[in-house]
Asks: 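Before anything else, here's the structure in question.
All heavy atoms count here, side chains included; hydrogens, waters and symmetry mates do not.
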Number of protein chains: 2
Amino acid sequence: MSSNPPAIVAESPPPPLSRRELNKTATRQAITRAAMELIRTRGVGNFTVEDIADAAGVSRRTFFNYYASTEAAIGNITHEFLEVALQQFRLRPRDEPVIVSAKEAMMALADPMAVAPVAELFTLMQQNHQLARPELEAWDHCTGQIIEAARERMRGGTDGQIDELYLRALSGSVISCGRAAMDVWFSRCGPDLSEASMATLRQLMIDSLDLLASGFATSS
Amino acid sequence: MSSNPPAIVAESPPPPLSRRELNKTATRQAITRAAMELIRTRGVGNFTVEDIADAAGVSRRTFFNYYASTEAAIGNITHEFLEVALQQFRLRPRDEPVIVSAKEAMMALADPMAVAPVAELFTLMQQNHQLARPELEAWDHCTGQIIEAARERMRGGTDGQIDELYLRALSGSVISCGRAAMDVWFSRCGPDLSEASMATLRQLMIDSLDLLASGFATSS
DNA sequence: TACACTATGTGCAAGTTTGCACTCCGGGCA
DNA sequence: TGCCCGGAGTGCAAACTTGCACATAGTGTA
């Protein structure tokens, strides 16, 4: 009821998502899913970009409007998965420690709907290791995003290069912990999406970040 | 096995259906289905064009790019249904009697996939009779198409107005027989899509056209 | 009656997808 | 080696979709 001007907080601008955004997202997803399906049924390298486009219901040209290559399309799976966490991270209060924010953000990833595509990718990766490259890039891109998001928080702190190193080291570590949690989770649970499995994933994320927060001190 | 040059028959130009055609058809169907769903769940008149567009995943403007009104969208259900038969009709040999061609063409309609939407429309029509108008228009449009298709066959026959009357009376009657078959079928079988029901529909179509061909002579 | 409000329908400019015509590149083959 | 071919990418114009502004019509209300 206050007539105050909009408070300057980490306001989540709830974008009503225009029809245009919606359509683009749908197209992007259609392409990604078609690519996955083809990998599943024919195996990596046994289909063309045109096959993906056809299966996705778009033209070859449109495929290239979205992705520079098949690899890039595959990378989108992990990219979208991480984007969920990124979104959560950006919503956390500015004064919260980055590690805590990261922990909270990662909780959103321990969701069957969210992990399912990545889990399948992990499975396929067992067979064909070259699928790992686009995944790697997605994690790297996420690191870059975390860096930017974290940098936003450190307005007014000490200036200079020390902050930059802190920022990057921390962000990189956080991402590494998340990745480690995912890797261990998959090696333990496989493509299992049960609640028990999700609980395991959550705990692994918490543990890895706790390790990070504690400076990886041994308990002995 | 003959090496004859392509016979000059009612050649069906097998259109590979461009991506553009495919997309347009998909959009048209999405709108139609969304409209049906809304009629089903909210009832006729309890939703706006915008609701349909949203449900169909397109903008309001796009809705109007396809249909002039909600009614027109509903009409498309019957329209598409009849289009199937029309297509078959056009494929029949030029020298075959129109009634025989019509009989053959109608056989394609006795297919669960094809009748399903129309059957549902019939069901909804029980409740709200104003749904009948767009359906009527679809049948009428089909008559016009049959007239054109039949006219094509009568090149070189006698000229003058007699042919035109014959053409129109015949075409109109054929359509009426088809419509009668559908009506009786639904009143007998309801929305039943079983093979037995389809057989009934087929027989009704055959019978109605036989009646027409026999000049509606009574057997006694 | 006058006014506010909601829904239909349309014109237009800007954004997106598509078809097509290239260019490049790598593998098979005479 | 030189040629052919199929797939990857790209530029561009045409076709399609969208957002927005505006005109119109029906409804409820002061």
Asks: Restricting to nitrogen or oxygen on both sides, can you table the protein-nucleotides 22-24 of chain C pairs closer than 3.5 Å?
Replies:
none

Asks: Go through the N and O atoms of the side chain of B/Arg61 and the base of D/dT18, and report whether any donor-acceptor pair is under 3.5 Å.
Replies: no
Asks: Tell me the interatomic distance from B/Ile52, atom CD1, to C/dA7, atom P, rounded to whole angstroms.
Replies: 13 Å
Asks: Do B/Asp140 and B/Ile175 have side-chain heavy atoms sitting under 4.5 Å apart?
Replies: no
Asks: Could you please name the option among D/dA8, D/dT17, C/dG9 that lies closest to any side-chain atom of B/Asn65?
Replies: D/dT17
Asks: Donor-acceptor pair, B/Arg179 side chain versus B/Leu136 backbone, under 3.5 Å?
Replies: no
Asks: Would you please say whether a donor-acceptor pair under 3.5 Å links the side chains of B/Ser176 and B/Trp139?
Replies: no
Asks: Does a side-chain N or O of A/Thr27 approach OP1 or OP2 of C/dT17 to a distance below 4.0 Å, or not?
Replies: yes
Asks: Compare all side-chain heavy atoms of B/Met182 with those of B/Val115 and state whether any distance is below 4.5 angstrom.
Replies: yes
Asks: Please tell me which of the listed nucleotides, C/dT18, C/dA14, C/dT17, lies nearest to the side chain of A/Val58?
Replies: C/dT18
Asks: Rounded to whole Å, please give me the gap between NZ in B/Lys24 and C1' in C/dT16.
Replies: 16 Å
Asks: Would you mind reading off the distance between A/Tyr67 atom OH and D/dT10 atom P, rounded to a whole angstrom?
Replies: 16 Å
Asks: Between P on D/dG7 and CZ on A/Arg42, what's the gap in Å once rounded to a whole number?
Replies: 11 Å
Asks: Could you tell me if the side chain of B/Glu104 sits less than 4.5 Å from the side chain of B/Leu91, heavy atoms only?
Replies: no
Asks: A/Glu50 has an atom CD; how far is it from atom P of D/dC5, in whole Å?
Replies: 18 Å
Asks: OP1 or OP2 of C/dT18 versus the side-chain N and O atoms of B/Asn23: is any pair under 4.0 Å?
Replies: yes
Asks: Check whether any side-chain N or O of B/Ser171 sits under 3.5 Å from a backbone N or O of B/Arg168 as a donor-acceptor pair, and report yes or no.
Replies: no
Asks: Considering the options A/Glu148, A/Glu152, A/Gln145, which one meets the side chain to side chain donor-acceptor pair (under 3.5 Å) requirement together with A/Arg90?
Replies: A/Gln145
Asks: Starting at CD of A/Glu21 and ending at C1' of D/dG19, how long is that distance when rounded to a whole Å?
Replies: 12 Å
Asks: Establish, with yes or no, whether the OP1 or OP2 oxygen of C/dT17 is under 4.0 angstrom from a side-chain nitrogen or oxygen of A/Thr62.
Replies: no
Asks: What is the distance, to the nearest angstrom, from the CZ atom on B/Arg20 to the C1' atom on D/dA14?
Replies: 6 Å
Asks: A/Tyr66 side chain N/O closer than 4.0 Å to the phosphate oxygens (OP1, OP2) of C/dT17?
Replies: yes
Asks: Can you find a side chain N or O atom of B/Ser18 that sits less than 4.0 Å from OP1 or OP2 on C/dT18?
Replies: no
Asks: Between B/Arg19 and A/Thr62, is there a side-chain donor-acceptor contact under 3.5 Å, judged purely by atom types and distance?
Replies: no
Asks: What's the closest nucleotide to the side chain of A/Phe64 if the choices are D/dT10, D/dG19, C/dT16?
Replies: D/dT10
Asks: Taking only the side-chain heavy atoms of A/Arg19 (C-beta and beyond), determine which of D/dG9, C/dT8, D/dG19 contains the nearest atom.
Replies: D/dG19
Asks: B/Thr48 has a side chain; which of D/dC16, C/dA7, D/dG9 sits nearest to it?
Replies: C/dA7
Asks: In whole angstrom, give the distance that lies between atom CG of B/Leu22 and atom C1' of D/dT17.
Replies: 17 Å
